[in-house]
**Student:** 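Input: one structure, supplied below.
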Protein chains: 2
Amino acid sequence: MKELLHTVRLQINPSVYIKNPESTELGKKIMTEGINLIDKIGYEDFTFRKLGQKIGSPEASVYRYFQSKQKFLLYLTSWYWAWMDYRLEFAIANINSPNQKLERTINLLTERVTEDSNFTFMNIVKLSRIVFTESSKSYLNKEVDEQNKQGVYLGYKQLVGKASGIIMEVSPKYKYPNMLISTVIEGAHLQHFFAEHLPKLTNKTNGNDDVKKFYHELVLKTITANKK
Amino acid sequence: MKELLHTVRLQINPSVYIKNPESTELGKKIMTEGINLIDKIGYEDFTFRKLGQKIGSPEASVYRYFQSKQKFLLYLTSWYWAWMDYRLEFAIANINSPNQKLERTINLLTERVTEDSNFTFMNIVKLSRIVFTESSKSYLNKEVDEQNKQGVYLGYKQLVGKASGIIMEVSPKYKYPNMLISTVIEGAHLQHFFAEHLPKLTNKTNGNDDVKKFYHELVLKTITANKK
DNA sequence: CAAATATGATAGTATTACTATTATATTTGC
DNA sequence: GCAAATATAATAGTAATACTATCATATTTG
């Protein structure tokens with residue numbers, strides 16, 4: 001993707017923050033250093049106190065932006081999904097062939113983010129690593145229904161919905177587009193994690209693009225009608 | 001599956017416990033009530049102190065069986081994978097057709113456990129709910145490499161390996177059997193969770209067996225060679 | 001220039017995830 | 001059948017976590 005010279009402001013559901021961190025310097029420091037810290041020590045060991053020490057502010061100041069570290073994680077993941085949604089729109093703009101749209105969509109959803117975009121102060125490489133490892137924890141808990149009512153997963157749902165729509169363009173009769181897309185997204189995260197930490201659970205051969213290839217093939221074959 | 005009148009002792013890697021909980025009454029109480037409690041309040045809110053109160057023993061006693069609540073979760077998941085492995089062996093015993101073996105395997109890996117087996121004091125329905133929601137947290141963290149060295153994921157790897165072998169029987173040239181199986185296992189857990197809590201991310205129509213059907217079709221189509 | 005808002009500095013709290021110690025009860029080995 | 005080993009109970013203690021509260025000061029805005 002090309003560098004963008006104009007600034008894009010991503011839309012994040014306000015339910016995940018108290019005060020928009022993009023609106024102040026301190027808020028931006030919280031995001032930048034928060035990402036660094038979670039990427040380094042992991043979500044479990046991450047605390048607002050440690051973050052405060054990094055940015056030279058008391059933890060109480062961090063609490064003025066986010067109710068809890070859960071909400072902070074939700075903010076980061078929401079930001080990521082909004083960014084992906086934006087990238088998806090960009091990637092399929094002016095493309096007419098549904099098949100080509102689908103190919104680009106699957107690429108986007110399954111490939112690793114390795115290059116830093118400088119369109120934002122967010123470190124995207126680190127953020128995407130965080131999302132791959134930690135994002136499922138934001139819904140796999142007992143608060144999921146309550147949080148869902150507040151709308152904290154809207155960004156994720158929107159992206160899944162959009163990608164499912166592209167599946168339907170290619171194969172209008174396919175019954176399970178949402179299942180397929182959420183399987184692909186979460187599966188790709190997992191496979192990248194496994195490749196690094198539990199290789200017995202995956203199949204990385206020589207190279208790099210195995211995950212992408214695997215899900216490409218899987219999606220295309222799955223949505224194509226069989227000649228029984 | 002038929003009820004079994006003999007007792008089967010599942011093999012659990014000793015790295016996940018200090019003292020085998022199956023060897024004493026207290027140990028069994030810890031498992032039974034631990035499962036009840038995690039199922040009720042979730043892994044995050046679960047503590048050994050609360051568990052101790054339930055079973056009328058001090059938390060120090062629980063610590064004599066398990067080093068930490070992480071290890072306790074690992075014990076439960078290891079037990080579950082060992083049980084699944086046993087059920088898989090049982091389900092494919094004396095079946096010759098690879099396709100039929102595969103069908104039964106996918107069934108086992110993707111369906112919800114709704115019936116309590118009385119071959120054990122473990123509440124399998126609750127345990128499987130716990131595994132669906134919490135098991136990924138046992139590896140999605142910074143300790144994964146260290147824990148992996150200790151062998152705590154061996155049971156899971158073994159099951160994935162066995163199921164991949166069946167894929168290879170059906171389709172010897174297929175390149176990504178492990179990816180496919182781990183995608184199916186974790187994906188099915190997720191889809192069941194979504195169906196209950198985030199239905200926008202899945203496609204449940206009228207009935208019940210959608211997840212099973214979806215993954216069946218997905219696997220069969222994926223491993224079948226295309227006529228290009 | 002007053003009023004509102006943002007931040008810093010500091011303190012406090014209930015709970016968590018443990019570890020340690022001692023006493024008593026139970027099992028086992030000879 | 002008794003000593004020795006082992007298991008459990010009872011209790012206490014600790015550093016860290018995930019917050020909340022208060023007050024003073026600095027900065028922005030109308």
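These values consider heavy atoms only, across backbone and side chains, with no hydrogens, waters or symmetry-generated copies. Below, read A as the first sequence line, B as the second, and so on, with proteins coming before strands; counting in each chain starts at 1.
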**Student:** Using whole Å, what does the distance between atom P of nucleotide D:dT17 and atom CZ of A:Phe46 come to?
**Tutor:**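 So the two atoms are 12 Å apart, to the nearest Å.
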**Student:** How many whole angstroms separate atom NZ of A:Lys71 from atom P of D:dC19?
**Tutor:**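 Value for this atom pair: 11 Å.
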**Student:** Is it true that, when you exclude A:Lys40 itself, more than 12 heavy atoms of the residues, nucleotides or ligands shown sit nearer than 6.0 Å to its NZ?
**Tutor:**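 For A:Lys40, atom NZ is not crowded (no more than 12 foreign heavy atoms under 6.0 Å).
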**Student:** Rounded to the nearest angstrom, tell me the gap between atom CZ in A:Arg49 and atom C1' in C:dG8.
**Tutor:**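 Distance check: A:Arg49 CZ to C:dG8 C1' gives 15 Å.
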**Student:** What does D:dG30 pair with, Watson-Crick or G-U, if both distances are under 3.5 Å?
**Tutor:**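 Base partner found: C:dC1.
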**Student:** Answer yes or no: does a side-chain N or O of B:Tyr63 lie under 4.0 Å from OP1 or OP2 of C:dA20?
**Tutor:**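 Looking at the OP1 and OP2 atoms of C:dA20, neither is under 4.0 Å from any side-chain N or O of B:Tyr63.
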**Student:** Classify A:Phe48 by what it touches in the nucleic acid, base, sugar-phosphate, or nothing, heavy-atom distance under 4.0 Å.
**Tutor:**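 Nothing, no heavy atom under 4.0 Å.
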**Student:** D:dA9 phosphate, OP1 or OP2: any side-chain N/O from B:Ser61 under 4.0 angstrom?
**Tutor:**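 Yes, within the criterion.
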**Student:** Can you tell me the distance, in whole Å, between the CZ atom of B:Phe72 and the C1' atom of C:dC18?
**Tutor:**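 In whole Å, C:dC18 C1' lies 16 Å from B:Phe72 CZ.
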**Student:** Can you pull every protein N or O that's under 3.5 Å from an N or O on nucleotides 21-30 of chain D?
**Tutor:**
none

**Student:** Could you work out which one of D:dC19, C:dA9, D:dT11 sits closest to the side chain of B:Pro58?
**Tutor:**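 Looking only at side-chain atoms, B:Pro58 lies closest to D:dT11.
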**Student:** Atom NZ of B:Lys28 and atom P of D:dT8: how far apart are they, to the nearest Å?
**Tutor:**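 After rounding, the gap between these two atoms is 12 Å.
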**Student:** How about A:Asn36 and A:Lys126: does a side-chain donor come under 3.5 Å of a side-chain acceptor?
**Tutor:**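 Yes.
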**Student:** Do the numbers put A:Lys69 on top of the ring of A:Tyr43, so that NZ or CZ is under 6.0 Å from the six-membered ring centre and no more than 45° off the axis?
**Tutor:**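 Judged by the rule, A:Lys69 and A:Tyr43 form a cation-pi pair.
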**Student:** Heavy atoms from C-beta onward define the side chain here; which of D:dA7, D:dC19, C:dA6 lies closest to that of A:Glu59?
**Tutor:**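 The answer is D:dC19.
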**Student:** Give a yes/no on whether any side-chain N or O of A:Ser57 is located under 4.0 angstrom from OP1 or OP2 of C:dG8.
**Tutor:**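 For A:Ser57, the contact criterion (side-chain N or O under 4.0 Å from OP1 or OP2 of C:dG8) is met.
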**Student:** Does A:Lys137 pair with A:Glu44 as a salt bridge, N-O distance under 4.0 Å?
**Tutor:**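 Counted as a salt bridge, because a side-chain N and a carboxylate O are separated by less than 4.0 Å.
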**Student:** Starting at atom CD of A:Glu44, determine the distance to atom P of D:dA16, rounded to an integer number of angstrom.
**Tutor:**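 Answer to the nearest Å: 18 Å.
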**Student:** Choose from C:dT7, D:dC19, D:dT17 the nucleotide whose nearest atom is closest to any side-chain atom of A:Ser68.
**Tutor:**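 Among C:dT7, D:dC19, D:dT17, the one nearest the side chain of A:Ser68 is D:dC19.
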**Student:** How many Å lie between CD on B:Gln53 and C1' on C:dT16, as a whole number?
**Tutor:**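 Whole-Å distance recorded here is 13 Å.
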**Student:** Could you check B:Tyr65 against B:Thr24 for side chain to side chain donor-acceptor pair (under 3.5 Å), going step by step and ending with a plain yes or no?
**Tutor:** CA-CA 10 Å; B:Tyr65 287 83; B:Thr24 66; 2.6 Å; yes
**Student:** Under 4.0 angstrom, heavy atoms only, what part of the nucleic acid is B:Phe66 near: base, sugar-phosphate, or nothing?
**Tutor:**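 Nothing: the residue B:Phe66, judged by heavy atoms under 4.0 Å, touches no strand.
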**Student:** Which word best sums up how the rings of A:Phe48 and A:Phe46 line up, parallel for under 30°, tilted for 30 to 60°, or perpendicular for over 60°?
**Tutor:**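 Plane angle over 60°, so perpendicular.
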**Student:** Using a distance-only criterion (donor-acceptor N/O pair, under 3.5 Å, no hydrogens), is the base of D:dC19 paired with the side chain of A:Gln67?
**Tutor:**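 No.
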**Student:** If you apply the rule ring pair (Phe, Tyr, Trp, His ring centres under 6.0 Å), what do you find for B:Phe193 with B:Phe132, and how did you get there?
**Tutor:** CA-CA 7 Å; B:Phe193 184 87; B:Phe132 283 24; 9.8 Å; no
**Student:** In whole Å, I'd like the distance from the CD1 atom of B:Ile18 to the C1' atom of D:dT6.
**Tutor:**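 Distance, rounded to whole Å: 15 Å.
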**Student:** Apply the test side chain to side chain donor-acceptor pair (under 3.5 Å) to residues B:Thr183 and A:Tyr215: give CA-CA distance (whole Å), side-chain angles for both, the deciding distance (0.1 Å), then the verdict.
**Tutor:** CA-CA 10 Å; B:Thr183 294; A:Tyr215 283 108; 2.8 Å; yes
**Student:** If only side-chain N and O atoms of B:Lys50 are considered, is one of them under 4.0 Å from the OP1 or OP2 phosphate oxygen of C:dT16?
**Tutor:**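 The answer is yes; a side-chain N or O of B:Lys50 sits under 4.0 Å from OP1 or OP2.
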